[in-house]
Amino acid sequence: MITVHHLESSRSQRVLWLLEELALPYQLVRYARDPVTMLAPPALRAVHPLGKSPVLVDDGHTLAESGAILEYLVERYDTTHAFSPTPLPMDSSERLQYRYWMHYAEGSAMPPLLLSLVLARIRAAKMPFFARPVAGRIVGKAMSGFVGPQLKLHLDWMESSLARSGGWFGGERFTAADIQMSFPVEAAAVRGGLERHPALAGFLRRIHERPAHQRALAQGGPFALSAG
């Protein structure tokens, strides 16, 4: 039995979604965030030294990092390649595109989104009244000078890529790369909106309509991307 150590409102939701798409049975161990810090509880460190989620345990293997877990699941269980490209040829355009988006999601897309979340929390944090204008100016300069332009750059890149490929990140069909990319797109929708990015908005509508996505949400519980 596969076991998923699942933190509420986290990247772990993607693992549940792929398991539902693959129709694999799994055991779910839930963890709640600290209501003040929004961090994972110390109990997760007993599962993995970093104390983060997701963590998947299968056949004696303990795996962390959502991208690595998704790759493991498709390589081991997606025998018909319903959610991944065929392994050969290794340099096929579909396989290269699939691999790129599997790694881009966390390597390039999430850092500016995480920075925007941190800066928003700084702006909303309790502080002495005389410090608030200073903090506001620092946050404003960081957003206008770096984070904002980076967010636009990446959103425009994702938008144009989806428009060219026909609506899916990994090629002409839905794959695990779309599951991996769902988190940054969801985060962008929550933190800035997608009014100027209709292809990304359409992507979200399509994935939300997938029965496996809906089952995963029912299993994982409420999903608030402002948590982290």
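Here the structure is a predicted model, which is why all the values come from computation and not from measurement.
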Examine the side chains of Glu20 and Tyr26 and answer whether a donor and an acceptor come within less than 3.5 Å of each other. yes

Minimum side-chain heavy-atom gap Ile2-Leu73 below 4.5 Å: yes

Side-chain touch Val185/Leu194, heavy atoms, less than 4.5 angstrom: yes

Backbone N/O of Leu200 and side chain of Glu159: donor-acceptor pair under 3.5 Å: yes

Over 60° means perpendicular and under 30° means parallel, so classify the ring planes of Tyr100 and Trp157, tilted if in between. perpendicular

More than 12 heavy atoms of other residues, nucleotides or ligands under 6.0 Å from CZ of Arg30: is that the case? yes

Taking atom CD as the centre, does Glu65 end up with more than 12 heavy-atom neighbours from other residues, nucleotides or ligands that are less than 6.0 angstrom away? no

Take Glu21 and Arg210 through the salt bridge (charged side-chain N to carboxylate O under 4.0 Å, His left out) test and state the conclusion after the steps. CA-CA 9 Å; Glu21 293 282 2; Arg210 295 185 70 86; 2.7 Å; yes

Hydrophobic cluster membership, Tyr31 vs Phe183, 4.5 Å side-chain cutoff: no

same_hphob_cluster(Leu16, Met102) at 4.5 Å side-chain heavy-atom cutoff: yes

Do Ile179 and Phe83 come within less than 4.5 Å of each other through their side chains, counting heavy atoms only? no

With a 4.5 Å limit on heavy-atom distance, are the side chains of Pro41 and Leu7 in contact? yes

Any link between Phe146 and Met110 through a network of hydrophobic side chains (Ile, Leu, Val, Met, Phe, Trp, Tyr) touching at under 4.5 Å? yes

Under a 3.5 Å distance rule, please check whether His5 uses its side chain to pair with a backbone N or O of Leu44 as donor and acceptor. no

Is Arg206 atom CZ crowded by more than 12 heavy atoms from other residues, nucleotides or ligands, each under 6.0 Å away? yes

Hydrophobic cluster identity match, Val29 and Val15, side-chain contacts under 4.5 Å: no

Could you pull out the closest heavy-atom pair between Leu217 and Gln13, with the gap in Å? N-NE2, 3.3 Å

Quick check: is Tyr72 connected to Leu28 through a chain of hydrophobic side chains (ILVMFWY, heavy atoms under 4.5 Å apart)? yes

Would you check if the distance from the ring center of Trp101 to the ring center of Phe203 is below 6.0 Å? no

Pro87 and His81, any side-chain heavy atoms less than 4.5 Å apart: yes

In short, Ser9 meets Arg33 closest at the heavy-atom pair O-NH2, 2.8 Å

So how far is it from Tyr104 OH to Met181 CE, rounded to the nearest 0.5 Å? 5.5 Å

Grab the two heavy atoms, one from Pro111 and one from Glu106, that are nearest each other, plus how far apart they are. CD-O, 3.5 Å

CZ-NZ distance between Arg45 and Lys52, expressed to the nearest 0.5 angstrom: 8.5 Å

Quick one, His197 and Asp156 - any side-chain contact, counting heavy atoms below 4.5 Å? yes

With a 3.5 Å cut-off and no angle check, do the side chains of Ser116 and Arg191 form a donor-acceptor pair? no

With no hydrogens and no angle check, is any side-chain donor or acceptor of Glu94 less than 3.5 Å from a backbone partner on Gly170? no

For Arg14 and Gln180, indicate whether the former's side chain and the latter's backbone hold a donor-acceptor pair under 3.5 Å. yes

Contact check, side chains of Trp168 and Thr175, non-hydrogen atoms, under 4.5 Å: no

